[in-house]
2 protein chains.
Amino acid sequence: MTPSSIPVTATSIVDAIAADLRTRMFSGELTADMPLTETDMATAYNVARPTVKAAIERLVAEGLLVRGLHKTARVAALGPAAVSDIYHSRAYLESEILRRLALMRLVPAEAVAANAEIGRLSEGTPTDLIEPDIRFHLSLIDAVGSDRMSKMYRSLMSEVRLCMNRVQSLGLLAPGLIHAEHEQILRLIAAGKGDAAAALLDDHLGRARERLIKALGGEAGPQADAPTDLLARP
Amino acid sequence: MTPSSIPVTATSIVDAIAADLRTRMFSGELTADMPLTETDMATAYNVARPTVKAAIERLVAEGLLVRGLHKTARVAALGPAAVSDIYHSRAYLESEILRRLALMRLVPAEAVAANAEIGRLSEGTPTDLIEPDIRFHLSLIDAVGSDRMSKMYRSLMSEVRLCMNRVQSLGLLAPGLIHAEHEQILRLIAAGKGDAAAALLDDHLGRARERLIKALGGEAGPQADAPTDLLARP
DNA sequence: ACCTGCACACTTGTTAGACAATATTCAGGA
DNA sequence: TCCTGAATATTGTCTAACAAGTGTGCAGGT
C-alpha cells in the first residue's frame, strides 16, 4: 500500500486559526497595531479562549504579533528600524547563499521560472509582483538544501509581507527593473562570480529597503524605534 | 526619574518552566528522545496541564523538543544530518557577518575577552571551553547590532548546546588550537581581510562539525535522517 | 489648573475538571 | 506467525471560574 505523493495534512484547530490570522494579516485586513483580544477572537472563531491563546502565542513567537504581560496582543507595527533590520538580515543571509551557489554554478530552475513570471508583468501591476518576487528569493535559499536557513529566511519574509500590506497601493515597485536585476544575479551565479552577485543583491535589497522605509515613513508610522541605522555599506 | 539600566524582568510561570527545561536539557539531565508527558510534568512542577503545555509548545517552536499531533513531546534527537545542517547554517550566517565586520575593521571587545578566557584554559578541561566559545561567536554576531541576526544565531547555538551535552565527556576539543584560530580570525577582521576571515571560519566550523558528527555517530545515534550532506565546499 | 489616590471595568494568567479523539499497548484468534 | 480488536494512556479542546494585572475615569486635595 504505497502512500500517495500528496502528504496527508493533519492540522489542529490552533494551526488553522494561526494560519487564518496570518493570511488576514498579509492581506491587510488586520492592520498594524490592531488589538486582538482573546475573548473577542474566541467568540469570533467559535472556539474556547485557550485555543486562540495558543494561536496568538505562536504568532507572537513568529514576530507577527507583539504583546506584553497582561496586555492584549497587537499586530506588529514594524517601524523604520525594524524594516532596516529585516532587510539587512535578508542581505546577510542571501548574499552568503549567493556565494555558495556561485561556487557550484547552481542556478535554481524555480528562480528562473519565478523571474520569468515577473518579466511577463506589465509595469502597472505592482501588487502582483510581490508573490513571484518572494518565490524568486526563497528558491535561491531553498536551493542550498538547509532546512534551518529556509526556515529563518521564511520568517523574515513573513515580516516583509506584513509591511507590504501597508504600501500595497503605492506603485513603488518597477517590475521591469527588478526583473533585470534578478536576471543579472542569476547570470553572475552561473558565471561563478559570487562576490559580484552578493554585491548586486546588496544594492538590490538596499534600494528596496530605502523605498519601503520612505513609504512607511510617509504615512507617519510609529517613530518609537531608535532610528539608528545598522552598519553602513561602503 | 531615569530608569535603571537593568531592565525589570516580569516573568510568567510558563517562561520559568520553559527556562528550567532548557537548562535541564543543556545540562544533560534530559537526554535525547526522553519523553516529556504533560501530566507528569504538571504534577512535577505543581502547575496545571495547560501551563506546561504552553511551555512545551514554546520549546517545540525553538526546535529543542519535537512532537507530533497527539504524540508526547520528546527531547530532540539531533542526528548527523541535523548537526550538519546546524553547522552549515552557522557558517552561512557567521561568515557573512565576518565580512561586514572586516569592512569596518570592527573587532568586538567582548570577543577578545571571551577568547582570552579560552586561552587561560589548560588543555585538559574540555567542558569549560563550551561557554566562552559560545560567547566568542555570539559577540561577533551581536556586534552588527541586528536583533534578528542575533536571535537566529542564538537559536542555532541552543541546538548546538543540545548536542554538546551528549559528548561533554569526550576530549574532542583542543582549547589551544581553538584559541589560536579565534585570534587569527580577529586579526583578519582587524586587517580588513573579510574573505580570508570567512574562509578560516568555514574551516573552523567545518572541523567542529566533523568532530561532532563523528562523536555522535560513535554512540550509535538515530540514523533515521537522510545522511545526504549539504553543499560541499571546494 | 494640576497632580494624587482610589474604585471600577477590562483583559490576561492560571487552575480545575471533564470529554472527545487519537496513539500505543497488549491480548486473543485465524 | 501475523493480523485484528479492545483497553489504556495521552493529547486536543472545552467550560467555568478565580486571581492578578492594566488602564481609565472620577473625586479630592494642593
Side-chain angles (χ1 to χ4, degrees), chain A residues 1-4 7-22 25 30-77 222 224, chain B residues 1-3 7-22 30-77 222 224:
Chain A
M1 195 162 69
T2 63
S4 65
V8 290
T9 61
T11 164
S12 71
I13 296 181
V14 175
D15 287 327
I17 292 178
D20 186 59
L21 286 177
R22 241 184 306 253
M25 286 194 293
L30 271 45
T31 61
D33 268 326
M34 179 176 286
L36 297 180
T37 309
E38 292 183 1
T39 54
D40 293 350
M41 295 181 53
T43 58
Y45 280 106
N46 248 324
V47 296
R49 188 159 71 92
T51 304
V52 299
K53 186 186 191 64
I56 287 177
E57 280 170 355
R58 193 167 306 186
L59 295 175
V60 168
E62 293 177 23
L64 271 53
L65 297 181
V66 291
R67 96 182 305 177
L69 259 177
H70 295 106
K71 299 217 270 193
T72 152
R74 290 172 181 279
V75 178
Chain B
M1 193 163 72
T2 63
V8 289
T9 60
T11 166
S12 72
I13 296 181
V14 175
D15 288 328
I17 293 179
D20 185 61
L21 286 177
R22 240 184 307 252
L30 271 46
T31 60
D33 268 327
M34 179 177 286
L36 298 179
T37 308
E38 291 183 2
T39 55
D40 294 349
M41 295 180 53
T43 59
Y45 280 107
N46 249 324
V47 296
R49 189 158 71 92
T51 305
V52 299
K53 186 186 190 66
I56 288 177
E57 279 170 356
R58 193 167 306 186
L59 295 176
V60 168
E62 293 178 24
L64 271 53
L65 298 181
V66 291
R67 98 182 303 177
L69 256 176
H70 293 105
K71 298 218 272 191
T72 158
R74 290 171 181 278
V75 178

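Every chain is numbered from 1 and lettered A, B, ... according to where its sequence line falls, protein lines coming before strand lines. All values below come from the heavy atoms of this structure, side chains included, with hydrogens, waters and symmetry mates left out.
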Side-chain donor-acceptor pairs of residues 55-65 of chain B under 3.5 Å, sequence neighbours excluded:
| residue | atom | partner | partner atom | Å |
| --- | --- | --- | --- | --- |
| B:Arg58 | NH1 | B:Asp15 | OD1 | 2.2 |
| B:Glu62 | OE1 | B:Arg22 | NH1 | 2.6 |
| B:Glu62 | OE2 | B:Arg22 | NH1 | 2.5 |

Show every donor-acceptor pair shorter than 3.5 Å between a side-chain atom in residues 47-54 of chain B and any protein atom, with sequence neighbours excluded, or say none if there are none.
| residue | atom | partner | partner atom | Å |
| --- | --- | --- | --- | --- |
| B:Arg49 | NH1 | B:Glu38 | OE1 | 3.0 |
| B:Lys53 | NZ | B:Glu38 | OE2 | 3.3 |

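For the residue pair B:Leu36 and B:Leu30, the shortest heavy atom distance occurs at CD2-CD2, 4.2 Å.
A:Ile17 places its CD1 atom 7 Å from the P atom of D:dC14, with the value rounded to the nearest Å.
Residue order along DNA chain D, read from the 5' end via each residue's closest nucleotide, puts B:Thr39 first among A:Asn46 and B:Thr39.
Here chain A contacts DNA chain C (any atom closer than 4.0 Å to a heavy atom, that is under 4.0 Å), and the contacts span C:dT11 to C:dT14 from 5' to 3'.
In this structure, CG in B:Leu21 is found 4.0 Å from CE in B:Met41, a value given to the nearest 0.5 Å. Expressed to the nearest 0.5 Å, how far CZ of B:Arg74 lies from CE of B:Met34 amounts to 10.5 Å.
The phosphate of D:dG12 (OP1 or OP2) has a side-chain N or O of B:Lys53 nearer than 4.0 angstrom.
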Pairs: protein N or O with nucleotides 15-21 of chain D N or O, under 3.5 Å:
| residue | atom | partner | partner atom | Å |
| --- | --- | --- | --- | --- |
| D:dA17 | N6 | A:Arg49 | NH2 | 3.3 |

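With sequence neighbours excluded, the residues satisfying salt bridge (Lys or Arg N to Asp or Glu O under 4.0 Å) with A:Asp20 are A:Arg24. Applying the side chain to side chain contact (heavy atoms under 4.5 Å, CB included) criterion to B:Thr43, with sequence neighbours excluded, gives no partner residue.
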